[in-house]
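To keep things clear, I will list the structure first and then write my remarks on it.
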Amino acid sequence: MRLARIRTDDGVVSGRYDDGVVTADGEEYEVGVDAELLAPCEPTALYCVGRNYAATVDQMDYDIPDQPDWFIKPPVSVLDPGADIEYPDWTDELTYAGELAAVIDRECSDVAEADVSDVVRGYTILNDLDALDQPGRTARKAFDGSGPLGPWIETDVEPSNIDMTTHVGGELRQEANTERMLFSPAEVVSFLSERYTFQPGDVISFGSPANPGLVEPGDDVEIWYEGVGTLTNRVVDGE
């Protein structure tokens, strides 16, 4: 089942997405006609894991981590699916990274790996934007609109062995399978839950496959994960 948040004339509502129509409280809304897709959740934080694919570690000449390596994006990082990515005027090196992400369903902490499926609402897609020429992870990754998220939450998917691709301007840039992760989604969620109390709607992303790369104004970035969907955003000149 796909769960979506939409903006309508009646306000923001959440419901079940099926073939371009969202059903909520007995009402049907057609996306693009009388509804606009929003990010599928409202996280208090986005917990993002890096260096989680062996090919990426090799490509970037990183050391293989002994445990998940993570950083945090704030809620202002969230950008709706289909919304324009405004290229910040303070960077000359903006990069994309197509990542699978879990959405937490209820407040929880100290979650055993075997119980992760009980606290995850489902899975969505994150584009972990990175201003590569800035000093330190927070400056690079935790700015307004740095986390395009969506297009919905898929509740019925097994995340440990699914294909993904990223296309930029129609060109294939990333192609991988989540089985190549160094730490599985369950391992990551369990590990981070020892350190944080997750809230409903919080997002945990599992890192980017090889070939994260530069984007320029005019580029359409399309990130697809098998069984989840496609997140699409266009890069535009910042105001």
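Residues forming a side chain to side chain contact (heavy atoms under 4.5 Å, CB included) with D163 (at least two apart in sequence, or on another chain): N177, W224, E226.
Clustering ILVMFWY residues whenever any of their side-chain heavy atoms sit less than 4.5 angstrom apart, transitively, puts L94 in the very cluster that holds Y96. Put simply, V78 and V235 are part of two different groups of oily side chains (I, L, V, M, F, W, Y) that touch within less than 4.5 Å, one to the next. Grouping the Ile, Leu, Val, Met, Phe, Trp and Tyr side chains by contacts below 4.5 angstrom, directly or via other members, places L79 with I125. Cluster annotation: I72 and L126 are assigned to distinct hydrophobic clusters (Ile/Leu/Val/Met/Phe/Trp/Tyr, side-chain heavy-atom contacts under 4.5 Å, transitive). Linking ILVMFWY residues whenever their side-chain heavy atoms come closer than 4.5 Å, directly or via other members, places I104 and Y196 in the same cluster.
We find that K141 and D128 are joined by a salt bridge, their nearest charged nitrogen and carboxylate oxygen being less than 4.0 Å apart. Taking 4.0 Å as the cut-off between side-chain N and carboxylate O, R51 and D69 count as a salt-bridged pair.
To the nearest 0.5 Å, atom CG of residue L3 and atom CD of residue E154 are 8.0 Å apart. To the nearest 0.5 Å, the span separating CD on E99 from CD1 on I204 amounts to 12.5 Å. Taking CD of E86 as the start and CG of N233 as the end, the distance is 12.0 Å to the nearest 0.5 Å. Between atom CD1 of residue I223 and atom OG1 of residue T165 there is a gap of 9.5 Å, rounded to the nearest 0.5 Å. Distance OG1/T230 to CE/M164: 10.5 Å, rounded to 0.5 Å. With rounding to the nearest 0.5 angstrom, the OH atom of Y225 is 11.0 Å from the CG atom of L231.
Between the side chain of R5 and the backbone N or O of A39 there is at least one donor-acceptor pair closer than 3.5 Å. Under a 3.5 Å cut-off, the side chain of T8 and the backbone N or O of A35 do not form any donor-acceptor pair. Here the side chain of N52 pairs no donor or acceptor atom with the backbone of V49 at under 3.5 angstrom. In this structure, the side chain of D105 does not engage the main chain of V120 through any donor-acceptor pair within 3.5 Å. Of the possible polar contacts, none joining the K73 side chain to the G147 backbone as a donor-acceptor pair under 3.5 Å is found.
Clustering of Ile, Leu, Val, Met, Phe, Trp and Tyr side chains at separations under 4.5 Å places Y29 together with I6, V13, Y17, V22, V31, L37, W152.
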Residue pair E194, L192: steps toward the side-chain contact (heavy atoms from CB on, under 4.5 Å) verdict: CA-CA 5 Å; E194 297 173 1; L192 291 177; over 6 Å; no

Using the rule given for side-chain contact (heavy atoms from CB on, under 4.5 Å), can you reason through N127 versus L149, listing the C-alpha separation, both sets of side-chain angles and the distance that settles it, and then say yes or no? CA-CA 7 Å; N127 185 356; L149 188 71; over 6 Å; no

Might you work through the side-chain contact (heavy atoms from CB on, under 4.5 Å) test for M1 and D156, ending with a clear yes or no? CA-CA 6 Å; M1 181 170 64; D156 185 22; 5.9 Å; no

Stepwise side-chain contact (heavy atoms from CB on, under 4.5 Å) check, L100 with V228: CA-CA 9 Å; L100 183 68; V228 179; 4.1 Å; yes

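For the residue pair T197 / E107, no side-chain donor-acceptor distance below 3.5 Å is found, with atom types taken as modelled. Side-chain atoms of S190 and E113 form no donor-acceptor pair, as typed in the model, at a separation below 3.5 Å. With no hydrogens or angles considered, no side-chain donor-acceptor pair links D110 and S193 at under 3.5 Å. There is no side-chain donor-acceptor pair under 3.5 Å between S184 and S160.
The shortest non-hydrogen separation linking P148 to L129 is CD-CD1, 3.8 Å. In terms of heavy-atom proximity, T166 sits nearest to G98 at OG1-CA, 3.9 Å. Nearest heavy atom pair, residue I153 against residue C41, reads CD1-CB, 4.5 Å. A176 and P209 get closest at one heavy-atom pair: CB-CB, 3.5 Å. Closest of all the heavy-atom pairs between P40 and G150 is CD-CA, 3.7 Å. The heavy-atom pair separating D237 from P217 by the smallest distance is OD1-CG, 3.2 Å.
V215 is listed as a side-chain neighbour of V168, based on a closest heavy-atom distance under 4.5 Å. Under the 4.5 Å side-chain criterion, counting only non-hydrogen atoms from C-beta, L132 is not in contact with T91. Two residues are said to be in side-chain contact when any heavy atoms from C-beta on lie closer than 4.5 Å; P68 and E187 fail this criterion. With contacts defined as side-chain heavy-atom distances shorter than 4.5 Å, the pair S205/L46 does not qualify. No side-chain heavy atom of R137 sits less than 4.5 Å from a side-chain heavy atom of W70. A 4.5 Å side-chain heavy-atom check between V119 and R106 finds at least one atom pair inside the cut-off. No side-chain heavy atom of L182 sits under 4.5 Å from any side-chain heavy atom of F206.
Taking the six-membered ring where tryptophan is involved, the planes of W90 and F143 are perpendicular, since the angle between them exceeds 60° and thus also 30°.
In E42, the CD atom is not crowded: 12 or fewer heavy atoms of neighbouring residues, nucleotides or ligands sit closer than 6.0 Å.
Aromatic pair F198/Y47: centroids less than 6.0 angstrom apart. Between F191 and F183, the gap from one ring centroid to the other reaches at least 6.0 Å.
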